[in-house]
Amino acid sequence: MSNSRRDFLKKSAALAALTASGGFGLQASGRITPKKILRKEEYEWMDLCLAHFFGFDEIRMQLSTQMGAYGAVTSERDNLKETYDRFKEAGLEWKVLEGVNLSRAQLGVDGRDEDIEKLIRLIKGCSELGIKVLCYNWMPVISWARTDSARKNRGGSLVTAFDYEDIEDNSLTEYGEFTEEQLWENMQYFLDAVIPVAEEYDVKLALHPDDPPVDKIRGIPRIFTNVDAFKRLITMNSSDYNGICFCQGSFASQKDTNIPEAIRYFGSRNKIHFVHFRDVTGHTTNFSEEWHDNGKTDMYEAMKAYYEVGFRGPLRPDHVPTVAGDSNEHPGYSTMGTLFAIGYIKGLMEAVAKEYGYR
């Protein structure tokens with residue numbers, strides 16, 4: 001064998017060994033240096049979840065496991081243990097209980113203590129099953145609201161939208177009119193009652209922003225409509241168990257909110273317990289949901305901010321478009337639209353982990 005042939009084989013073997021051990025990177029000097037290859041658990045650094053609000057959809061649950069979104073999120077149920085076991089049979093783990101009717105507690109009317117006792121029972125039930133996060137909101141009577149559930153978007157896909165001037169019924173509800181200060185006082189009463197229980201049973205409470213973030217609907221104020229309101233919330237009770245569901249779309253629809261900056265503010269204080277990863281165009285009184293790659297927020301910078309502050313908790317895509325071939329029966333929760341969202345999120349997670357892992 002010629003010397004040139006031997007040299008070629010030696011160099012090829014060295015090249016293969018280097019590639020297998022970690023790949024290549026070019027330094028400023030032009031020299032090739034090995035880079036670290038991240039393990040799967042390093043780039044899947046959050047608990048990726050899907051919402052299952054409309055019963056046990058076998059196809060959706062199977063797709064969840066196929067996409068590697070092993071966390072389940074759903075609302076209060078009559079039997080928590082049966083719900084937990086049903087998810088477990090499907091290969092999923094119930095990570096977050098999201099959605100509790102607390103209207104009487106929020107308004108401070110007759111029955112508010114019963115609402116609080118219900119939440120306390122849910123906290124204890126979550127603790128028994130190992131569910132570590134309970135997500136709630138402070139939007140009495142009228143919760144999440146949209147004026148259009150089928151607005152045309154990219155390629156004829158359908159999204160939800162809100163335009164304040166299109167509210168068809170803005171009359172007072174049966175409860176009448178309230179002030180912002182009343183809702184703040186009711187929040188303090190609520191926190192005083194439930195946070196000690198959350199601490200005892202190791203279940204973190206995550207407050208969702210008001211959506212839409214308008215000042216008032218049908219005589220009832222909305223007080224969690226900006227970053228300053230959440231700064232006030234975390235000073236009302238300093239416990240680590242008093243935290244936030246950082247719904248990006250809700251914060252993005254608030255006027256002039258810098259999403260990465262807000263993530264760093266609350267995340268550096270360990271106040272983000274759950275994330276809704278979504279986006280919008282417009283703000284406050286007029287906005288539309290968007291594809292994850294087509295909204296107003298720099299989603300890569302948002303993902304970097306979560307990584308930097310050490311958030312490793314549950315995250316789910318939210319309010320995805322309804323796409324061709326899927327039903328708009330549950331606007332914002334199209335199963336096929338979720339496929340795009342999960343792929344986009346997983347790509348961002350891996351890209352961010354690799355950026356930081358290579359430093």
Side-chain angles (χ1 to χ4, degrees), residues 45-49 71 73 95-100 102 105-106 119-120 122-123 126-127 131-139 183-184 186-211 213 222-254 256-279 297 299 301-318 345 349 352:
W45 44 273
M46 288 187 284
D47 287 330
L48 195 54
C49 304
V73 177
K95 288 286 186 179
V96 181
L97 191 158
E98 177 182 349
V100 185
L102 297 170
Q106 293 158 346
L119 189 82
I120 287 173
L122 288 173
I123 290 171
C126 286
S127 180
I131 302 167
K132 294 296 186 182
V133 179
L134 192 156
C135 176
Y136 69 106
N137 66 62
W138 211 244
M139 296 181 282
L183 266 65
W184 282 111
N186 296 336
M187 172 57 85
Q188 187 66 68
Y189 183 90
F190 172 82
L191 293 175
D192 290 344
V194 301
I195 292 299
V197 182
E199 291 175 330
E200 179 181 355
Y201 286 87
D202 191 25
V203 175
K204 292 183 175 179
L205 300 186
L207 178 67
H208 189 287
D210 292 348
D211 184 7
R222 298 195 155 213
I223 59 175
F224 289 101
T225 59
N226 54 59
V227 169
D228 286 342
F230 281 88
K231 289 179 178 180
R232 178 174 175 178
L233 170 77
I234 63 177
T235 64
M236 293 170 73
N237 187 305
S238 61
S239 171
D240 286 344
Y241 289 79
N242 176 33
I244 296 170
C245 167
F246 198 94
C247 179
Q248 281 189 203
S250 296
F251 278 103
S253 60
Q254 300 165 5
D256 300 328
T257 297
N258 182 309
I259 296 298
E261 184 179 287
I263 293 168
R264 290 186 176 93
Y265 181 89
F266 293 112
S268 65
R269 291 162 174 78
N270 298 315
K271 291 298 183 179
I272 298 177
H273 299 329
F274 181 32
V275 171
H276 287 179
F277 202 76
R278 68 180 179 93
D279 205 6
T297 303
M299 302 295 256
E301 288 300 320
M303 192 64 80
K304 283 173 62 177
Y306 291 121
Y307 195 92
E308 288 173 6
V309 299
F311 178 77
R312 302 294 182 267
L315 173 148
R316 72 171 180 86
D318 200 13
I345 290 168
M349 287 172 60
V352 167

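- Going from atom CZ of F246 over to atom CD1 of I263 covers 4.5 Å, rounded to the nearest 0.5 Å.
- One finds the CD atom of E98 at 10.0 Å from the SG atom of C49 (value rounded to the nearest 0.5 Å).
- Of the possible donor and acceptor atoms, none in the side chain of W184 sits under 3.5 Å from a partner among the backbone N and O of I223.
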Practice task
Using the side chain to side chain contact (heavy atoms under 4.5 Å, CB included) rule, take K271 and Y265 through it: C-alpha gap first, then chi angles, then the decisive distance, then the call.
Solution key: CA-CA 9 Å; K271 291 298 183 179; Y265 181 89; over 6 Å; no
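- Pairs passing the side chain to side chain donor-acceptor pair (under 3.5 Å) check and including a residue from residues 227-249, sequence neighbours excluded, read E199-S239, D202-Y241, Q248-Y306.
- Here the side chain of E308 pairs no donor or acceptor atom with the backbone of S268 at under 3.5 angstrom.
- To the nearest 0.5 Å, atom CG of residue L119 and atom CG of residue L134 are 5.5 Å apart.
- Considering only heavy atoms from C-beta on, P314 stays 4.5 Å or farther from V73 through its side chain.
- Here the side chains of L207 and M187 are in contact, with some heavy-atom distance below 4.5 Å.
- K304 places none of its side-chain heavy atoms less than 4.5 Å from the side chain of P260.
- A donor-acceptor distance shorter than 3.5 angstrom exists from the side chain of S253 to the backbone of G249, with no hydrogens or angles considered.
- Under a 3.5 Å cut-off, the side chain of D47 and the backbone N or O of G313 do not form any donor-acceptor pair.
- Between P213 and R222, the closest side-chain pair of non-hydrogen atoms is not below 4.5 Å.
- The shortest distance between side-chain heavy atoms of N186 and Q106 does not fall below 4.5 Å.
- Looking at L233, V309, V227 one by one, the single match for side chain to side chain contact (heavy atoms under 4.5 Å, CB included) with F266 turns out to be V227.
- Evaluation of the ring-ring contact (aromatic ring centres under 6.0 Å, His included) rule for Y136 yields F190 as partners, not counting sequence neighbours.
- Note that OG of S250 is 7.5 Å distant from CG of D318, once rounded to the nearest 0.5 Å.
- Taken from CG in D256 to CD in Q254, the straight-line distance is 10.5 Å, to the nearest 0.5 Å.
- Considering every non-hydrogen atom in both P209 and M139, the closest pair reads O-CE, 4.0 Å.
- Not a single ring-ring contact (aromatic ring centres under 6.0 Å, His included) links H273 to another residue, sequence neighbours left out.
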Practice task
Evaluate side chain to side chain contact (heavy atoms under 4.5 Å, CB included) for K95 paired with F274, printing each intermediate quantity in order.
Solution key: CA-CA 10 Å; K95 288 286 186 179; F274 181 32; over 6 Å; no
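- Ring-plane geometry between F230 and F251 is classed as tilted, the angle between the planes lying from 30 to 60 degrees on a 0 to 90 degree scale.
- Nearest heavy-atom pair, A198 versus I123, reported as atom, atom and distance to 0.1 Å: CA-CG2, 4.1 Å.
- N226 places a side-chain N or O within 3.5 Å of a backbone atom of A229 that can act as its donor or acceptor partner.
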Exercise for the section: In sequence, state the C-alpha distance, the side-chain angles, and the governing distance for V352 and W45, and then conclude on side chain to side chain contact (heavy atoms under 4.5 Å, CB included). Expected result: CA-CA 10 Å; V352 167; W45 44 273; 4.2 Å; yes
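- Here the options are M303, M299, M46, the test is side chain to side chain contact (heavy atoms under 4.5 Å, CB included), and the partner is I345; only M303 passes.
- Contact of the V96 side chain with the I131 side chain is not registered, since no non-hydrogen atoms from C-beta on lie closer than 4.5 Å.
- The structure places CG of D211 at 10.5 Å from NE2 of H276, a figure rounded to the nearest 0.5 Å.
- Between the D279 side chain and the T297 main chain, a donor and an acceptor come within less than 3.5 Å of each other.
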Exercise for the section: Start with the C-alpha distance between E301 and I259, add both sets of side-chain angles, then the distance that settles side chain to side chain contact (heavy atoms under 4.5 Å, CB included), and finish with yes or no. Expected result: CA-CA 9 Å; E301 288 300 320; I259 296 298; over 6 Å; no
